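Comments concern the structure below.
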Amino acid sequence: MMRSQLVKRSSLASLSKELQIEGYLLLGKSQQANGTMESSILANAYEALIGAIFMDSGFKQALEIIQRHLSPISK
C-alpha cells in the first residue's frame, strides 16, 4: 500500500502542500500567470526534497522520513 502512495502524484502533491513546499519554489512567468500550482510541480518538488535528504543524510534517514509522511496516508 505504501508503495502505491509513493508513486501517486496526488499523494505526493498533498504531502508537498502539507509541508508548504510551494512557498520555496520559484516559478516561471507562465506558471505565475496561471495562478495555481500544478500537482505535477508539487509532486516533483516533494520527490526532489526526498532526493536531497537522501544525498545529504543517506538512505536510512530518507526512508524514515518517507515512512513518517506516508504512514497516515497508507492506513
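All figures in this text were calculated on a predicted structure; none of them were measured in a lab. What you see below is based on every heavy atom in this structure, not just the backbone, and it leaves out hydrogens, waters and symmetry mates.
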Kindly compute the distance separating [atom1] ([X]) from [atom2] ([Y]), expressed to the nearest 0.5 Å.
X: Y46; Y: S11; atom1: OH; atom2: OG; value: 10.0 Å
X: I66; Y: I53; atom1: CD1; atom2: CD1; value: 8.0 Å
X: H69; Y: S14; atom1: NE2; atom2: OG; value: 11.5 Å
X: L12; Y: K17; atom1: CG; atom2: NZ; value: 12.5 Å
X: E22; Y: Q20; atom1: CD; atom2: CD; value: 6.5 Å

Task: Close side-chain approach of R9 and L42, heavy atoms under 4.5 Å - done: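 Counting from C-beta outward, R9 and L42 never come under 4.5 Å.
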TODO: Check the pair L15 / I21 against side chain to side chain contact (heavy atoms under 4.5 Å, CB included), numbers first and verdict last.
DONE: CA-CA 9 Å; L15 286 169; I21 292 174; over 6 Å; no
Task: Check: D56 side chain, A52 main-chain N or O, donor-acceptor pair, under 3.5 Å - done: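 Not confirmed, D56 side chain does not pair with A52 backbone.
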- [ ] Among L19, N44, I65, find the one that has a side chain to side chain contact (heavy atoms under 4.5 Å, CB included) with L49.
- [x]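 Only one of L19, N44, I65 forms a side chain to side chain contact (heavy atoms under 4.5 Å, CB included) with L49, namely L19.
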TODO: Please test Q61 against F54 for side chain to side chain contact (heavy atoms under 4.5 Å, CB included), starting from the C-alpha separation and ending with a verdict.
DONE: CA-CA 7 Å; Q61 186 65 34; F54 171 75; over 6 Å; no
- [ ] Please report the closest heavy-atom contact between A13 and S39, naming both atoms and the distance.
- [x]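 Heavy-atom minimum between the residues: CB-O, 3.6 Å.
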